[in-house]
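Sequence lines set the chain letters: A, B, ... in the order given, protein chains first and strands last, and positions in each chain run from 1.
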Protein chains: 2
Amino acid sequence: MTSRPPRPRERGIPEATVARLPVYLRALQTLQDRGTLTVSSEDLASAAGVNSAKLRKDLSHLGSYGTRGVGYEVEYLVYQISRELGLTQDWAVAIAGIGNLGRALANYGGFGTRGFRIAALLDADPAMVGQSVASLDVRHIDNLEEVVRSERVSIGVITTPAVSAQGVATRFVEAGVASILNFAPVVLNVPDGVDVRKVDLSIELQILAFHAQRRADGDGRGAERAGLELT
Amino acid sequence: MTSRPPRPRERGIPEATVARLPVYLRALQTLQDRGTLTVSSEDLASAAGVNSAKLRKDLSHLGSYGTRGVGYEVEYLVYQISRELGLTQDWAVAIAGIGNLGRALANYGGFGTRGFRIAALLDADPAMVGQSVASLDVRHIDNLEEVVRSERVSIGVITTPAVSAQGVATRFVEAGVASILNFAPVVLNVPDGVDVRKVDLSIELQILAFHAQRRADGDGRGAERAGLELT
DNA sequence: TAGATTGTTAATCGATTAACAATC
DNA sequence: TAGATTGTTAATCGATTAACAATC
């Protein structure tokens, strides 16, 4: 499809691996905070909630950053994963829709110990515009394109009501934002090359309900049984 | 592992399918609101953002609810998927941690047009306790076990700070809650049989950053290129 | 050298997809 | 009957996992 420019080492980290790298990174940062210098795949996997074979396979896609017989140097691995994820640079984030959720995200300080900067808050409600949220002035959504340009926004977070989400997404994309995190309960239509990730509370609850029902009609009392097994 | 009780039709809906059923359900409800009576796999798939082969395959795991040459009756399929997901009953949900995010969730009304009921809000901060949020009195976290029992809570939502999350999870599980939705940035340790789902803003942003970086160093200017391709 | 642990292989499993026979 | 569309088959693809040779 696109021409492949010459690159060091063949890329192509599996999506499933990419999705776990942030989990490993957080576990490593926790170890680092405790002053741990070195960790085995077994221990890191356990901290990340995966099995060690999967962890080693995942890390092998980044390179050979461990030492046989020893393990992985925590600080070095933190750096390598951060670099791979693109966290050694700073990404400007704009949040559109400053309701309860938008405010919660704006105030959520620690984005995995840096890599992101909330650069702008946008809302369609004139009463909201001008208010200060998390030390930022809320700007009117009409200024989206201008803000994206001036703040070099590359990630757009959509926390608008469902009806407004597609319109905002299209404007983000046309303004040059190719990464979107969508909290609105709609399927966004975007052109190829734009990356949309979706976070949806109802969907998560419904998936939980499915399994809960299974437990409930599968055996007598699922929840209590699980409780008893608690170690 | 567990004894299999006699059941109609062999169950075992793939996890990937379960995760998509809520998406189909929402698309169907939108169609229903517009008064659409019947829909083809092609159209429903398009509304849900998947391809039609996948949709048909997914639905085939529930049964044969379509009519060849015609499509699916919207209302009937809404009912079948709702039933499969366990939404024909009401699930009581407790939210632990009434910060910005907890409040946002408590105030988030439409949980996919019913199936869930926010039954309790819990917080460890005495200043928070007794306040009214979304028409519910915030109760002290010490009452967790009592509240789970009296309200028959089966789903626990954790929006506490990271340090408190594991403790709250353990208490939920011991109280009989076997379904947990975790917004805290930690890996929860729970016994087998307990279902934990995780929603994590930083992880989503980091995955977006990975792809954004790819675009950025893959070709000249990824975002603008994507913008130009917009139809 | 002996013990520990990585990085990789290969087998297995599950998910996706195209194609089409069945059937309305 | 002709046209449309489902439900299923089978091929393909990607992810997981156990096992172990390589090597610190």
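- Checked by atom type and distance alone, the side chain of A:Ser64 never pairs as donor or acceptor with a backbone atom of A:Ser60 at under 3.5 Å.
- In the set D:dT8, C:dG7, D:dT6, C:dG7 carries the atom at the smallest distance from any side-chain atom of A:Ser60.
- Of the candidates C:dA15, C:dT8, C:dC20, the closest approach to any side-chain atom of A:Arg56 belongs to C:dT8.
- Considering every non-hydrogen atom in both A:Gln213 and B:Glu84, the closest pair reads NE2-O, 3.0 Å.
- Centroid-to-centroid, the aromatic rings of B:Tyr72 and B:Tyr65 stay 6.0 Å apart or farther.
- Of the candidate nucleotides D:dA15, D:dT17, D:dT16, D:dT17 has the atom nearest to the side chain of A:Ala53.
- Out of D:dC24, D:dT6, C:dT17, the shortest distance to the side chain of B:Arg68 is found at D:dT6.
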- Task: Kindly express the pairing pattern of DNA chain D in dot-bracket notation, using | wherever a base pairs with another strand and counting only Watson-Crick or G-U pairs under 3.5 Å.
- Result: ..||||||||||||||||||||||

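- The distance from atom CD of A:Glu42 to atom P of D:dA19 is 14 Å, rounded to the nearest whole Å.
- Of the side-chain N and O atoms in A:Tyr72, one or more sit less than 4.0 angstrom from OP1 or OP2 of C:dG7.
- Projected onto DNA chain D by closest heavy-atom contact, A:Arg20 and B:Ser41 fall at different nucleotides, the more 5' of which corresponds to B:Ser41.
- The backbone N or O of B:Gln166 lies less than 3.5 Å from a partner atom in the side chain of B:Thr170, making a donor-acceptor pair.
- The B:Lys57 side chain lies nearest to D:dA10 when the options are D:dT16, D:dA10, C:dT6.
- Picking from C:dC24, C:dT17, C:dT9 the nucleotide with the shortest atom distance to the side chain of B:Thr67 gives C:dC24.
- Looking at A:Arg26 and B:Asp200, a side-chain N of the basic residue comes within less than 4.0 Å of a carboxylate O on the acidic one, giving a salt bridge.
- Looking only at side-chain heavy atoms (C-beta outward), A:Leu208 and B:Asp195 come within less than 4.5 Å of each other.
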